[in-house]
Amino acid sequence: MKPVRVRFAPSPTGFLHIGGLRTALYDYLFAKSQKGKFILRIEDTDQSREVSGAVESLISSLHRLGVDFDEGPGCEGEFAPYIQSQRLTLYHQHAQLLLDSGDAYHCFCSSETLTKMREEQQAKGEFVKYDRRCLSLSKAEVQQKMESGEKHVIRLRMPDNHRFGFDDAIRGHVEMDASQSDDQVLIKSDGFPTYHLAAVIDDHFMQISHVIRGEEWLSSTPKHIWLNQCFGWETPIWVHLPLILSTDRSKLSKRMNDVSVESYLAKGYLKEAILNFVALLGWHSADDRELYSLDELCDTFSLDRVTKSGAIFDLTKLDWMNGQYMRNLPLDTITERSLPYFQAAGMPIDNTSVLSKIVAAARERCTLLPEIVEYSRMFLERLELEASDKELLKSIDSQRVLAWFSTELPKSAPLDADKVHSLSKLCMESLGLKGKAFYTPLRLALIGVAHGPDLPTIFSILGEEEAISRINLKCEQG
RNA sequence: GACCCGGUGGACAAGGGGACAAGUCGCAGCACUUUCAAUGCUGAGAUCGCGGGUUCGAAUCCCGUCCGGGUUACCA
């Protein structure tokens with residue numbers, strides 16, 4: 001059995017998106033589970049779509065998530081370079097091989113000619129494909145056109161009357177007729193190869209064992225098989241992943257959805273949750289487990305449990321999952337990751353013990369990282385009371401509670417949980433109040449809102465001094 | 001249009017001839033709690049796209065059909 005080598009081959013046209021991440025993740029998981037290698041290859045063969053900084057951004061996103069590659073740009077292995085624009089000679093040499101063997105030919109048709117041809121075919125209800133008008137050009141004619149500097153491309157000559165069959169690791173046996181495949185352009189007029197040529201050549205030389213890619217490539221697989229055959233190469237194992245869908249069931253696109261991985265990170269989703277969620281979009285273990293760390297996924301993942309049908313990218317479950325990680329990751333981790341959001345909100349906290357207490361209370365009720373910051377305001381700031389709450393605080397019973405605490409609190413340090421409990425009990429008994437009548441005014445005075453953590457936690461976060469001060473303030477105002 | 005790939009509750013999905021079709025998210029209710037949240041429990045929600053066939057028996061196999069998606073570029 002050949003060693004497992006898989007590659008994630010994005011084109012640098014923007015940020016890493018959810019669909020790309022899913023492919024990369026499955027590549028990674030499969031490689032790890034098979035003790036193989038995960039390779040990152042940049043397919044920058046379309047100069048017009050190239051976005052500067054995209055390569056760096058792609059790599060940094062992958063690193064941020066911990067989906068690390070074994071070979072790729074900046075991590076050169078024996079098959080370097082891993083950027084296609086740096087491998088042009090290799091593609092040209094192989095295009096020449098095809099030209100020599102007659103498996104490829106020059107085509108001088110302009111895009112206008114091509115468009116016209118297609119329109120005519122369409123009008124006649126014919127199958128739209130290149131009509132091979134340049135195939136009949138004599139060697140001399142080709143030579144003459146080349147010398148006069150005519151723009152040209154190199155096309156693959158697909159076989160006639162040929163049926164392609166292959167076994168996809170996920171879909172099983174798939175068959176397609178060669179007549180359905182166009183004579184694909186291999187080298188464009190700007191001298192760059194198309195995806196088809198470059199990918200097949202690189203997959204071969206980089207010794208890729210499994211081509212794991214989105215289902216949108218399924219229909220062009222015959223071209224890739226044919227190219228391999230022309231070169232006399234063994235084909236890799238094809239693995240076509242189901243597409244990730246928008247809520248309208250079309251292929252997930254940046255147009256309609258927020259699909260950038262960075263943007264989810266920025267919104268405060270945890271990488272653990274994103275990875276876990278994306279892994280489950282098209283893969284499911286035999287048991288009922290849904291929560292997995294990256295390492296656990298590496299141990300459990302297998303291609304044969306990848307689903308065949310496309311899955312809709314639905315945020316509600318991601319939110320739930322993020323909540324799970326908010327609560328179950330080590331407190332220090334969550335605290336540390338919330339720090340940038342505190343800074344961004346202009347609320348730097350120097351007291352780490354207070355911060356960690358706040359985060360401990362907040363993460364129990366928040367689904368996203370920045371929500372911790374909002375939740376912390378009740379402790380870090382003195383919130384303005386709602387009008388109705390102000391009224392409530394003015395009531396006689398409310399004032400009795402506050403007055404009672406105002407005199408008792410200073411005598412009661414330290415305010416640990418037991419003390420807070422006993423004080424509360426004592427106050428309720430001596431004032432003849434209970435439940436909301438007791439708690440609500442106290443909460444309002446302490447944190448400015450009626451809902452929040454339990455009393456001992458509040459006292460612990462605020463500290464005795466601040467707690468007393470807040471109560472006294474509401475006493476006077478009342 | 002043609003060719004390919006799909007189709008199990010709103011979403012993710014298990015199950016690939018034999019229990020009243022798992023589980024998770026979401027939703028509703030209850031419990032716990034001073035509150036919110038978390039958690040736990042309960043419930044609603046699917047004649048397995050539809051129609052035929054094979055079979056004692058089909059979500060599972062076969063045929064047809066419908067629907068959805070992908071491809072049909074000098075984009076990947």
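Worth saying up front: this structure is predicted, and the values here are computed from it rather than measured. When reading the values below, keep in mind they use all heavy atoms of this one structure, side chains included, and skip hydrogens, waters and symmetry mates. Letters go in sequence order (proteins before strands), and every chain restarts at 1.
- With a 4.5 Å cut-off on side-chain heavy atoms, A:V306 and A:P242 count as touching.
- Using N1 to N3 plus N6-O4 or O6-N4 for Watson-Crick, or N1-O2 and O6-N3 for G-U wobble, each under 3.5 Å, B:U65 pairs with B:G49.
- Across every strand in view, B:A22 sits unpaired, with no contact that passes the Watson-Crick or G-U test at under 3.5 angstrom.
- As rounded to whole Å, 15 Å separates atom P of B:A73 from atom CZ of A:R49.
- Among the protein residues, A:A311 comes within range of the sugar-phosphate backbone only, with heavy atoms under 4.0 Å from sugar or phosphate atoms but none that close to a base.
- Searching all strands for a Watson-Crick or G-U wobble partner of B:G57 with both distances below 3.5 Å returns nothing.
- In this model, a side-chain donor or acceptor of A:S189 finds a partner on the base of B:C74 within 3.5 Å.
- Map A:Q184 and A:D177 each onto its nearest nucleotide of RNA chain B; the residue landing nearer the 5' end is A:D177.
- Distance from the side chain of A:H284 is smallest for B:A13 among the nucleotides B:A2, B:A13, B:C75.
- Contact annotation: A:R213 does not reach the phosphate of B:G70 (side-chain N/O to OP1 or OP2, under 4.0 Å).
- When heavy atoms are screened at a 4.0 angstrom cut-off, A:E126 is found touching no nucleic acid atom at all.
- Atom CH2 of A:W238 is separated from atom P of B:C5 by 16 Å (rounded to the nearest Å).
- Counting non-hydrogen atoms under 4.0 angstrom, A:R41 reaches nothing in the nucleic acid.
- Among the atoms of the strands shown, base atoms are found under 4.0 Å from some heavy atom of A:G452.
- When each of B:G6, B:C3, B:C74 is scored by its nearest atom to the side-chain atoms of A:K308, the top-ranked nucleotide is B:G6.
- Across the P atoms, B:A44 and B:U24 are found 15 Å apart, a figure rounded to whole Å.
- In this structure, the nucleotide among B:C25, B:A37, B:U71 sitting nearest to the side chain of A:T316 is B:C25.
- The residue among A:S285 and A:G125 whose nearest nucleotide of RNA chain B lies closer to the 5′ end is A:G125.
- Proximity note for A:L218 (side chain, C-beta onward) versus B:C75, B:C4, B:U34: the nearest is B:C4.
- A cation-pi arrangement is not found for A:K129 relative to A:F127, the charged atom failing to lie both closer than 6.0 Å to the ring centre and inside a 45° cone about the ring normal.
- Using a 4.0 Å heavy-atom criterion, one finds that A:G282 contacts the sugar-phosphate atoms exclusively.
- With both pairing distances under 3.5 Å, B:C74 is matched to nothing as a Watson-Crick or G-U wobble pair.
- Pairing for B:C41 goes to B:G29, judged as Watson-Crick or G-U wobble with the two contacts each under 3.5 Å.
- Checked by atom type, the side-chain pair A:Y269/A:D319 shows a donor-acceptor distance below 3.5 Å.
- In this structure, of B:G6, B:C36, B:U34, it is B:G6 that holds the atom nearest to the side chain of A:S309.
- When heavy atoms are screened at a 4.0 angstrom cut-off, A:Q47 is found touching no nucleic acid atom at all.
- Using a 4.0 Å heavy-atom criterion, one finds that A:E290 contacts the bases of the nucleic acid, with or without backbone contacts as well.
- Under the Watson-Crick and G-U wobble criteria, each requiring two contacts below 3.5 Å, nucleotide B:C36 is left unpaired.
- Side-chain proximity of A:R118 to B:C36, B:A37, B:C74: nearest is B:C74.
- Residue A:T194 is classed as a sugar-phosphate contact, given heavy-atom separations below 4.0 Å to backbone atoms only.
- Nucleotides B:C12 and B:A46 are separated by 15 Å at their C1' atoms, to the nearest Å.
- Rounded to a whole angstrom, the distance from the P atom of B:G43 to that of B:G49 is 26 Å.
- Closest approach to the A:W217 side chain among B:A76, B:C4, B:A37 is made by B:A76 (side chain taken as heavy atoms from C-beta onward).
- The local environment of CD in A:Q122 is sparse, with at most 12 non-hydrogen atoms from other residues, nucleotides or ligands closer than 6.0 Å.
- Using a 4.0 Å heavy-atom criterion, one finds that A:D168 contacts no nucleic acid atom at all.
- Residue A:T307 has no polar side-chain atom (N or O) positioned under 4.0 Å from OP1 or OP2 of B:C12.
- Residue A:L442 is classed as having no contact, given no heavy-atom separation below 4.0 Å to the nucleic acid.
- The gap from the P atom of B:A21 to that of B:G45 amounts to 13 Å, rounded to the nearest Å.
- Close to B:C75, at under 4.0 Å from its OP1 or OP2, lies a side-chain N or O of A:K188.
- A donor atom on one side chain and an acceptor atom on the other are not found under 3.5 Å apart for A:Q96 and A:H94.
- At the heavy-atom level, A:P453 lies under 4.0 Å from base atoms of the strands shown.
- Contact annotation: A:Q324 reaches the phosphate of B:U39 (side-chain N/O to OP1 or OP2, under 4.0 Å).
- When each of B:C5, B:C74, B:A2 is scored by its nearest atom to the side-chain atoms of A:E215, the top-ranked nucleotide is B:C5.
- The phosphate of B:C4 has neither OP1 nor OP2 within less than 4.0 Å of any side-chain N or O from A:R171.
- Looking at A:R41 and A:D44, no side-chain N of the basic residue comes within less than 4.0 Å of a carboxylate O on the acidic one, giving no salt bridge.
- Backbone-only engagement by A:V185 is indicated by non-hydrogen atom pairs under 4.0 Å involving sugar-phosphate atoms exclusively.
- Only the P atoms considered, B:C36 is 12 Å distant from B:A31, to the nearest whole Å.
- A donor and an acceptor atom never sit less than 3.5 Å apart when one is taken from the side chain of A:R289 and the other from the base of B:U24.
- No more than 12 heavy atoms of other residues, nucleotides or ligands sit less than 6.0 Å from atom CG of A:N161.
- Taking only distance into account, the side chain of A:K317 meets the base of B:U24 through a donor-acceptor pair shorter than 3.5 Å.
- Nucleic acid contact for A:D288: base, since at least one base atom lies under 4.0 Å from a heavy atom of the residue.
- An aromatic stacking contact between A:W320 and the base of B:C25 is absent, as defined here by ring centres under 5.5 Å apart and ring planes under 30° from parallel.
- Formation of a donor-acceptor pair under 3.5 Å by the A:N328 side chain with backbone atoms of A:Q324 is found in this model.
- A donor-acceptor contact closer than 3.5 angstrom is absent between the side chains of A:S11 and A:E43.
- Remark: the separation of the P atoms in B:A11 and B:G69 is 15 Å, to the nearest Å.
- One C1' atom belongs to B:G17, the other to B:A59, and the distance between them is 10 Å to the nearest Å.
- The gap from the P atom of B:C3 to that of B:U65 amounts to 12 Å, rounded to the nearest Å.
- Around CD of A:E386, the count of heavy atoms belonging to other residues, nucleotides or ligands within 6.0 Å does not exceed 12.
- One finds a side-chain N or O of A:R305 lying less than 4.0 angstrom from the OP1 or OP2 phosphate oxygen of B:G15.
- Contacts of A:S424 with the nucleic acid, taken as non-hydrogen atoms under 4.0 Å apart, are absent.
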